[in-house]
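Side chains are part of it too, since the values below use all heavy atoms of this structure and drop only hydrogens, waters and symmetry mates. So that the names make sense, note that chain A is the first sequence line, chain B the second, and so on, each numbered from 1.
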Protein chains: 2
Amino acid sequence: MKSLSIKDIAVKANVSITTVSFIINGKAKEKSISEAVIEKVEKIIEESGYKPNQIARSLRTGNSNIIGLIIEDISNSFFSRIARLIEDKAYKRGYKIIYSSTENNVDKAKELINMFKSRKVDAYIISPIKGIEEDIQMLLDDGNPVILFDRNLSDINTSYVGADHFNASHQSIQSFIDQGKKNIALVTTDINVEQIIERCDGYKKALEDNGIKYDDNLVLKIHFNQEERETIAQIQELFENKKIDAVLFATNYLAISGLKALKQINKKVGDDLGVIAYDDHEAFELHTPRISAVQQPLEEIAETIIKLILNQLSSKGKSPVEEVIIPARLVIRD
Amino acid sequence: MKSLSIKDIAVKANVSITTVSFIINGKAKEKSISEAVIEKVEKIIEESGYKPNQIARSLRTGNSNIIGLIIEDISNSFFSRIARLIEDKAYKRGYKIIYSSTENNVDKAKELINMFKSRKVDAYIISPIKGIEEDIQMLLDDGNPVILFDRNLSDINTSYVGADHFNASHQSIQSFIDQGKKNIALVTTDINVEQIIERCDGYKKALEDNGIKYDDNLVLKIHFNQEERETIAQIQELFENKKIDAVLFATNYLAISGLKALKQINKKVGDDLGVIAYDDHEAFELHTPRISAVQQPLEEIAETIIKLILNQLSSKGKSPVEEVIIPARLVIRD
DNA sequence: TTGACCGACTAAAACGTTTTAGCATAGCCG
DNA sequence: CGGCTATGCTAAAACGTTTTAGTCGGTCAA
């Protein structure tokens, strides 16, 4: 069963395709189509359930009303929540989101960009990784709106929205120190992205500010794509061999693995062992004792991203590059 | 900067558009294009970084290589994990996923279907809700491949993939009874979807099979879109007013709210109060004590969905309708 | 020498829109 | 009455592909 085209409607209404198109696009008044014709055509459209073919429309107009969202991993709750918020807000403005996960793989990320490019998405929202600077620069050169979020790429001059990772991390460590902790570990990942680096820098700076010597042995860098089992083993090794009275996990999934690790070796979180996780997670509120976490203001981040994107989309010319750094909130629990 | 078109390539290579198209689509041999020309054109394509415009391609061929995925809520870990798996598998076969969340809203679901329809997606994967039967039937009538998952719609005759909710639920309750529990509560949602109904039916049947009378007062139906605060209050009320020694939560987010509720009123999960959650969640493994859960085989579900979709896409004719029910696994913890 | 066939390629239609440019007719002013 | 403007509409080009139905020369068998 072929679906209806604008032509079918035109024939049924006994008017030209042009007229139908004007009516569909709300230009009827402007183009001085008579009230009678407008009504007739609208009735026919209504009755027949005709929907314009977006593909043809996109081909003609050059825009797709689709925004491409490229993230690390949709199954990570930070990203899935952001995705949901962005989707929701975009949807309300008539845009659809088409997303994909890079899994921190440069090749996949490049492929995704190409895929989106050939699909002519109207704008790109990217949580980038090192190694795709060139591809992003090409998008910018072609005049596409691009917003980076969560992590910045210093070489790229485009708008960015993210939390203040440095200060959040600094503040977390400071809170440990204020509680009298001295041997503070950091469990982080080995992926080389700005937001992770800032978290490390905040850690170092806080130690330094308090006259505590930075000890490389207390920092564990976990390889990104490895099995959780291995991660757990490495964390256990760290805690068994070092004297540690507090730990900052640089991502929520590391914190989850870490808590599992501690549980298995029967190390209790509490007064003797402080834990803060970067990025909140439902599990933390529920854990006994409850785990403190750095909360990124997801709603605000999503809202800002959409705002910037829409600005760029409406002002055809170059919009100013904006970097929005949003404070994150350390939620101390128990 | 306009992006390149096939015409630019043709001009550069001094051949016709047709020839370039054949080469791009791997039909060069078949159409007897000479080796020399193939090489020349491929070189130019390579150098110029030309990518075919998928929109024009879709318009012409009528298919988009996009599969539409309609789910309840991408920020729910069950769905985000499934989405990730589906995306991954589809991607490997050259398909992209475009997804959207219905939030259990019939109007939004209908709109999404229309949106996907006008975008000419090649196939639909839908976790449906009551009230969109007609729309789905229209898709089927138009000859679109449609796979339902997670929940079935009895009125609709199309392929379905889901877990065996009835038995998983039955088994969960049976395990409570085997431990000597008598007053078993069920916390579920009020959305009227088959998979939830099956979970309730499993609950009832298990009680009946063991000669325990079904008590309506032990079943709490939570309104879907309400604030978590309210949910927690209702659950607390249930536990404060009834004698309950075990509870099955029909979804993972209800279990999370439930555990928070119990924690607040200082009711300890353990020997005196058994808890099982439907759908696993990282928080359960981490909880003290660890929470038992029904695990749906996500990997298998995703794989089956993709397999069915690809079958339908390749066999242009009507493929047989298949209902695949996959056993779920009750993981008893602690 | 002819006709059939083959190899190597191409012209042009078609997909379903949007949009530019223009065509009647009518009314109005001077 | 001639020229203008407004009203109400439409023809046709264009967007970038794929694909059908060729064309054009050459080779080979009869």
Which residues, if any, of residues 16-35 of chain A bring a heavy atom under 4.0 Å of DNA chain C?
I17(A), T18(A), S21(A), F22(A), N25(A), K27(A), K31(A)
Is any NZ, NE, NH1 or NH2 atom of the basic residue among K89(A) and E299(A) found under 4.0 Å from an Asp or Glu carboxylate oxygen of the other?
yes
Does the pair K29(A)/E35(A) count as a salt bridge with the N-to-O cut at 4.0 Å?
yes
Note: R93(B)-E303(B) ion pair, threshold 4.0 Å (strictly below)
yes
Near K130(A) NZ, under 6.0 Å, is it more than 12 heavy atoms from other residues, nucleotides or ligands?
yes
Any side-chain hydrogen bond (donor to acceptor under 3.5 Å, both in side chains) pairs touching residues 152-161 of chain B, not counting sequence neighbours?
N152(B)-E323(B)
What pairs of residues pass the ring-ring contact (aromatic ring centres under 6.0 Å, His included) test when at least one of them lies in residues 83-130 of chain B, not counting sequence neighbours?
Y99(A)-Y99(B)
Rounded distance (Å) that lies between atom C1' of dG16(D) and atom CZ of R119(A):
15 Å
So, do T304(B) and F149(B) sit near enough that their side-chain heavy atoms are less than 4.5 Å apart?
no
Output all residues satisfying side-chain hydrogen bond (donor to acceptor under 3.5 Å, both in side chains) with K12(B), sequence neighbours left out; order by chain, then residue number.
none
Between dT18(D) atom P and K7(B) atom NZ, what is the distance in whole Å?
16 Å
Which whole-number value in Å describes the distance from N65(A) CG to dT17(C) P?
15 Å
Ionic contact status for R84(A) with E103(B), cut-off 4.0 Å
yes
E47(A) bridged to K43(A) by N-O distance under 4.0 Å:
yes
For the helix from dT1(C)-dA30(D) to dG30(C)-dC1(D), what angle separates the axis at the start from the axis at the finish, each from five pairs, in steps of 10°?
70°
At a heavy-atom distance below 4.0 Å, what parts of residues 43-61 of chain A sit against DNA chain D?
L59(A), R60(A)
